[in-house]
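In what follows, a structure is listed as structure tokens, so that the remarks can point back to it.
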Amino acid sequence: MKFLVCISNVPDTTTKITFTPDNKEFNKAGVQFVINPWDEYALTRAIELKEAQGAGTVTVLNVGEADTEPNIRKALAIGADDAIRVNAAPKDAYFVAQQIAAVAKEGAYDVILMGKESIDYNGFQVHGMVGEMLGIPTVAPAMKLDMSGSTATLEREIEGGKEIVEVSAPFVASCQQPMCEPRIPNMRGIMTARTKPLKVVEAVGEGARTEVAEFALPPKKQGVKLIPAESAGELIRLLRNEAKVI
């Protein structure tokens, strides 16, 4: 069984967000980047399934420039066998999906896993696009994934409950908790990751179909106003004229 796990390079959750002067790009200066936390569920589950089967491979795929390689090496240290980096900035969801689909098709992967979304843009788009481009099923978002031969049983979240589905490989799935407990690299993994293959390929297909018009930070929180209990009329006036919620 060949697993392809797609990972994104995202700012650490403690990062203070700023933008370039024209407000069209995220300002990377001084920012610590990490593996997208949702993708860590996909990576760990793929490794667990490979280990349970006693055979197979786990390949990590990232669409990004050279500065993403430390986190690719971290994924290798966690337990992936090899990695591929598409040498291009991830311009939009369609562009990224094109690159994933091209690599998946060329490598004839059985299972393509990724997090349900990246924590920077929260698009929830790529997995569906990849499935459509490859003409294979997509299950999203999956909370459990088990394999028996080439058949997978997945539990996915739906409105008001859950749904259990079966699908035959090849397929795409996006992952979220509580699929597994994400692993952290141990010393042996860190040492072996240095010599695991990391292949760099160029981007294919069309460019991005969307572009950012402008980023904007949310408005700063205003001070709290305390209104005496007997001044209901003043409270209503403030809610209507200042907060504009009624």
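Throughout, numbering of the chain's residues begins at 1 and tracks the sequence.
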Looking at every heavy atom in both [X] and [Y], which two are closest together, and how far apart are they?
| X | Y | result |
| --- | --- | --- |
| Phe95 | Ala203 | CZ-CB, 3.8 Å |
| Pro182 | Thr44 | CA-OG1, 3.4 Å |
| Glu206 | Tyr94 | OE2-OH, 3.9 Å |
| Gln98 | Gly205 | OE1-CA, 3.5 Å |
| Phe33 | Asn71 | O-ND2, 3.2 Å |
| Asn241 | Lys244 | O-NZ, 3.1 Å |

Just distance, no hydrogens or angles: give the donor-acceptor pairs under 3.5 Å from side chains in residues 77-84, sequence neighbours left out.
from	atom 1	to	atom 2	distance (Å)
Asp81	OD1	Lys50	NZ	3.0
Asp81	OD2	Lys50	NZ	3.2
Asp81	OD2	Val58	N	2.7
Asp82	OD1	Thr59	OG1	2.7

Hey, what do you get for [atom1] ([X]) to [atom2] ([Y]), rounding to the nearest 0.5 Å?
| X | Y | atom1 | atom2 | result |
| --- | --- | --- | --- | --- |
| Phe26 | Phe19 | CZ | CZ | 7.5 Å |
| Thr138 | Glu132 | OG1 | CD | 8.0 Å |
| Arg240 | Leu235 | CZ | CG | 10.5 Å |
| Met179 | Met143 | CE | CE | 9.0 Å |
| Met147 | Met1 | CE | CE | 3.5 Å |
| Asn62 | Ser8 | CG | OG | 7.0 Å |

Quick check: do [X] and [Y] have side-chain heavy atoms less than 4.5 Å from each other?
| X | Y | value |
| --- | --- | --- |
| Tyr41 | Gln176 | no |
| Asp12 | Val31 | no |
| Asn9 | Ile7 | no |
| Val139 | Leu145 | no |
| Thr153 | Ile164 | yes |
| Val111 | Phe171 | yes |
| Gln99 | Val204 | yes |
| Lys91 | Val212 | no |

Within the side chain of [X], is there an N or O that forms a donor-acceptor pair under 3.5 Å with the backbone of [Y]?
| X | Y | value |
| --- | --- | --- |
| Asn87 | Val200 | no |
| Arg73 | Lys196 | yes |
| Glu166 | Thr151 | no |
| Asp110 | Lys2 | yes |
| Arg156 | Ala140 | yes |

Tell me, yes or no, whether the heavy-atom count around [X] atom [atom1], taken from other residues, nucleotides or ligands under 6.0 Å, exceeds 12.
| X | atom1 | answer |
| --- | --- | --- |
| Gln32 | CD | no |
| Glu106 | CD | no |
| Ile190 | CD1 | yes |
| Glu211 | CD | no |
| Lys144 | NZ | no |

Cluster question for you: counting only ILVMFWY and a side-chain heavy-atom cut-off of under 4.5 Å, with indirect links fine, are [X] and [Y] together?
| X | Y | value |
| --- | --- | --- |
| Val34 | Val5 | no |
| Val86 | Leu134 | yes |
| Val60 | Leu113 | yes |
| Val10 | Trp38 | yes |

Partner of Lys28 by side chain to side chain contact (heavy atoms under 4.5 Å, CB included), out of Thr18, Thr15, Asp67: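 So, applying the side chain to side chain contact (heavy atoms under 4.5 Å, CB included) to Lys28 and each of Thr18, Thr15, Asp67, only Asp67 qualifies.
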
Going by atom type alone, with no hydrogens or angles, which donor-acceptor pairs under 3.5 Å involve a side-chain atom of residues 115-125 and a protein atom two or more places apart or on another chain?
from	atom 1	to	atom 2	distance (Å)
Ser118	OG	Asp120	OD1	2.6
Asn122	ND2	Ser118	O	3.4

